[in-house]
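Working notes, structure below.
Just so you know, these numbers use all the heavy atoms, side chains as well, and skip hydrogens, waters and symmetry mates.
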Amino acid sequence: MSIFEDLAHQYIDGTWLAGNGSWDIIDVNPYNGEKLAAITVATVEQVDQAYRAAERAQREWAATSPYARRAVLERALRITEEREKEIVEAMIDELGGTRPKAEYEIHLAKEFIREAMQLAVRPEGRILTSPVPGKESRVQRLPVGVVTVISPFNFPFLVTMKSAAPALALGNAVVVKPNQNAPVVGGGVIARIFEEAGLPAGLLSVLVTDIAEIGDALLTHPVPKVISFAGSDRVGRHVGAVAARHFKRTVLELSGNSALVVLDDADVDYAVEAAVFSRFVYQGQVCMAANRILVDTRVAEEFTDKFTARVRALRTGDPREADTHIGPLINSFQAEALTALVERAVASGAQALVRGATRGNLVEPTVLTGIPEDSPLLTQEIFGPVALLMVFDGEEEAVRMANATPYGLSGAVHTRDVERGIRFAERIETGMIHVNDSTIGDEPLAAFGGEKASGLGRLNGESTVEAFTTQKWISVQHGRSTFPL
């Protein structure tokens, strides 16, 4: 039995079962169109079943020793390592990414599990001074209860794990809703790992379903207290609005329109390498990808020549082949939409320095320049292998152009003067920015999140503790208070 046949089910309250809906989500290999699995969708009743099981199981789990919770995470890490090759193969088939992309994703996920192991024993209470004589103030940090994780298709194993693992470690229960394009890697695989690690039933459920079946039931149900969502800003706005109306906390990691900036003193060859990776890794289907590449006019000709030469050399094809750099987009809708976007841009006056062809879900890289400053293309997220190359004259113009977007997730600046790079980075309206590196980065201890329309809240390290715990103030009056009435 393949991993897809084995894990293409709902996982609710410790049981693998079929959805009760009337239609199926079809899991398809985006490269060759092969049907990997058919999963009958979960219903509103099954959403309630998962949440009620989580609510029951969480009370006992929160009272469990943090060291016992850490032991479950330790076993989950060991199982992930033992199954790593199998998971990588599933990632290639389900997501259409290359082997290096899959290996990077699982490597980083393991680092987040390791950090979650430490989080299990990290939360501490505090004793605060009080202005009232004889009063002792204690502040306890407690799990929020039940966390909902709604993950994207592009890094489903990593993004799901980086919320689910620490939430569990901190004493919460978790309900996962994976993306329809990644139900096994983003859902079933994670459920099996924790099942085998000995996580008690009910603490982790996976619901493969769609808004067409359940509406907003995942968001409006009274049980979950925190919604951790990663995806587009369009859907994220809806998630945030609905959650707020029901007094639920959200962590929203949304769309990006990152700029990689090449200053006049940059190492051009190195900046080219960083730009190619930042734009074209996983076909550009990355929220932190460098949509816009901004280059100082003094090095623009050299950079453009070297950048376009590197892009032309990228090979598009079967992600299982070792020499493939660009695999398929996740589905035909995305491929067709991206192709139409390029055609409109060229028709509106943009110049295609590199113009890639489209073959099914395979979209070859394109590099556009000469885009009018008022073009909507410059302010939207492009989820595919299309780079926008723009020239600026001096740092002030570079700052203005980099900030001319409704998004603020990530970015990068290249310069031989590190302190100059830091000063530049401080002026960019973004949650994350890297000096002399890629726009794409994630680390277990570094706060991850965006500004503006790129989201709310942060994850990783202490930010994760804040996201998935709450604080309770308990005061003790050791003497006698004096009351005015």
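In this view, Asp374 satisfies the salt bridge (charged side-chain N to carboxylate O under 4.0 Å, His left out) rule with no residue, not counting sequence neighbours. With sequence neighbours excluded, the residues forming a side-chain hydrogen bond (donor to acceptor under 3.5 Å, both in side chains) with Glu213 are Trp23, listed by chain and number. Every residue two or more places apart in sequence or in another chain that forms a salt bridge (charged side-chain N to carboxylate O under 4.0 Å, His left out) with Glu373 is listed here: Arg400. For Asp442, the salt bridge (charged side-chain N to carboxylate O under 4.0 Å, His left out) partners two or more places apart in sequence, or in a different chain, are Lys162. Every residue two or more places apart in sequence or in another chain was checked for a ring-ring contact (aromatic ring centres under 6.0 Å, His included) with His434, and none qualifies. With sequence neighbours excluded, the residues that form a ring-ring contact (aromatic ring centres under 6.0 Å, His included) with Phe307 are Phe303. A search for ring-ring contact (aromatic ring centres under 6.0 Å, His included) contacts involving Tyr407 returns nothing, not counting sequence neighbours. Considering only residues two or more places apart in sequence or on other chains, Thr40 meets the side-chain hydrogen bond (donor to acceptor under 3.5 Å, both in side chains) condition with Asp24.
Here the shortest heavy-atom pairing between Thr148 and Pro224 reads OG1-CB, 3.3 Å. Among all heavy-atom pairs drawn from Ala42 and Leu207, the shortest one is CB-CD2, 4.1 Å. Summarising the geometry of Leu77 relative to Met117, their closest heavy-atom pair is CD2-SD, 4.0 Å, with the distance given to 0.1 Å. Scanning both residues, Ser228 and Leu459, for their nearest heavy atoms gives OG-CD1, 4.2 Å. When all heavy atoms of Gln46 and Ile12 are compared, the closest pair comes out as CB-CD1, 3.8 Å.
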- Item | Leu378 and Leu388: CA distance, side-chain angles, deciding distance, side-chain contact (heavy atoms from CB on, under 4.5 Å) verdict | CA-CA 8 Å; Leu378 297 177; Leu388 308 182; 3.9 Å; yes
- Item | Residues Arg99, Val88; criterion side-chain contact (heavy atoms from CB on, under 4.5 Å); working and verdict | CA-CA 7 Å; Arg99 188 172 303 279; Val88 165; 3.8 Å; yes
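Judged by distance alone, with hydrogens and angles left aside, the side-chain atoms of Asn172 form a donor-acceptor pair with the main-chain N or O of Ala167 at under 3.5 Å. Judged by distance alone, the side chain of Arg279 and the main-chain N or O of Gly384 form a donor-acceptor pair under 3.5 Å. Side-chain atoms of Glu5 come within 3.5 Å of backbone N or O of Ser2 as a donor-acceptor pair. Judged by distance alone, the side chain of Lys248 and the main-chain N or O of Ile227 form no donor-acceptor pair under 3.5 Å. Gln285 contributes a side-chain N or O that, together with a main-chain N or O of Ile330, makes up a donor-acceptor pair within less than 3.5 Å. Under the 3.5 Å distance criterion, the side-chain polar atoms of Ser348 are matched with a main-chain donor or acceptor of Arg344. With hydrogens and angles disregarded, no donor-acceptor distance shorter than 3.5 Å links the side chain of Thr43 to the backbone of Asn20. Arg292 places no side-chain N or O within donor-acceptor distance of the main-chain N or O of Leu389, the cut-off being under 3.5 Å. Judged by distance alone, the side chain of Tyr282 and the main-chain N or O of Gly327 form no donor-acceptor pair under 3.5 Å. Under a 3.5 Å cut-off, the side chain of Thr439 and the backbone N or O of Ser258 do not form any donor-acceptor pair.
Side-chain contact check for Arg416 and Asn436: no donor-acceptor pair (N or O, by modelled atom type) lies under 3.5 Å. Of the N and O atoms on the side chains of Thr324 and Thr98, not one donor lies less than 3.5 Å from an acceptor on the other residue. For the 3.5 Å distance criterion, the side chains of Asp216 and His238 qualify, holding a donor opposite an acceptor. Counted by atom type alone, Ser151 and Thr160 present one or more donor-acceptor pairs between their side chains at under 3.5 Å. In this model, a donor atom of one side chain and an acceptor atom of the other lie less than 3.5 Å apart for Ser278 and Ser438.
A salt bridge does not link Glu419 with Arg423: none of the charged nitrogens is closer than 4.0 Å to a carboxylate oxygen. Comment: Glu396 engages Arg427 in a salt bridge, judged by a side-chain N to carboxylate O separation of less than 4.0 angstrom.
Side chains of Phe448 and Glu253 form a contact here, defined as non-hydrogen atoms less than 4.5 Å apart. In this structure the side chain of Val41 never reaches within 4.5 angstrom of the side chain of Val208, judged on heavy atoms. Side-chain contact between Val189 and Val184 is present, with at least one heavy-atom pair separated by less than 4.5 Å. No side-chain heavy atom of Thr366 sits under 4.5 Å from any side-chain heavy atom of Pro385. Side-chain contact between Glu195 and Tyr11 is present, with at least one heavy-atom pair separated by less than 4.5 Å. Proximity of Lys35 to Asp27: side-chain heavy atoms (C-beta onward) are nowhere separated by under 4.5 Å.
Within the structure, every pair that satisfies the side-chain hydrogen bond (donor to acceptor under 3.5 Å, both in side chains) test and touches residues 443-459, not counting sequence neighbours, is listed here: Glu429-Lys452, Glu451-Arg458. Sorted by first and then second residue, the pairs that involve residues 379-390 and meet side-chain hydrogen bond (donor to acceptor under 3.5 Å, both in side chains), not counting sequence neighbours, are Ser255-Glu381. Within the structure, the side-chain hydrogen bond (donor to acceptor under 3.5 Å, both in side chains) test picks out the following pairs touching residues 104-115 (sequence neighbours left out): Glu81-Arg114, Glu84-Lys110, Lys101-Glu105, Glu111-Arg114, Glu115-Arg122.
Taking the six-membered ring where tryptophan is involved, the planes of Trp16 and His9 are perpendicular, since the angle between them exceeds 60° and thus also 30°. Below 30°, between 30° and 60°, or above 60°: for His221 and Tyr51 the angle between ring planes is between 30° and 60°, a tilted geometry.
Rounded to the nearest 0.5 angstrom, Asn257 CG and Cys287 SG are separated by 12.0 Å. In this structure, the separation between OG on Ser463 and CG on Leu445 is 10.0 Å, given to the nearest 0.5 Å. Here the CG-CG distance, from Asp93 to Asn29, works out to 5.0 Å after rounding to the nearest 0.5 Å.
Under a cut-off of 6.0 angstrom, the local environment of CZ in Arg315 is crowded, with over 12 non-hydrogen atoms contributed by other residues, nucleotides or ligands.
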Result block: side-chain N/O donor-acceptor pairs under 3.5 angstrom for residues 261-268, not counting sequence neighbours:
from: Asp264; atom 1: OD1; to: Arg420; atom 2: NH1; distance (Å): 2.9
from: Asp264; atom 1: OD1; to: Arg420; atom 2: NH2; distance (Å): 3.2
from: Asp265; atom 1: OD1; to: Thr415; atom 2: OG1; distance (Å): 2.7
from: Asp265; atom 1: OD1; to: Arg420; atom 2: NH1; distance (Å): 2.9
from: Asp265; atom 1: OD2; to: Thr415; atom 2: OG1; distance (Å): 2.8
from: Asp265; atom 1: OD2; to: Arg420; atom 2: NH1; distance (Å): 3.3
from: Asp267; atom 1: OD1; to: Asp269; atom 2: N; distance (Å): 3.3
from: Asp267; atom 1: OD1; to: Tyr270; atom 2: N; distance (Å): 3.2

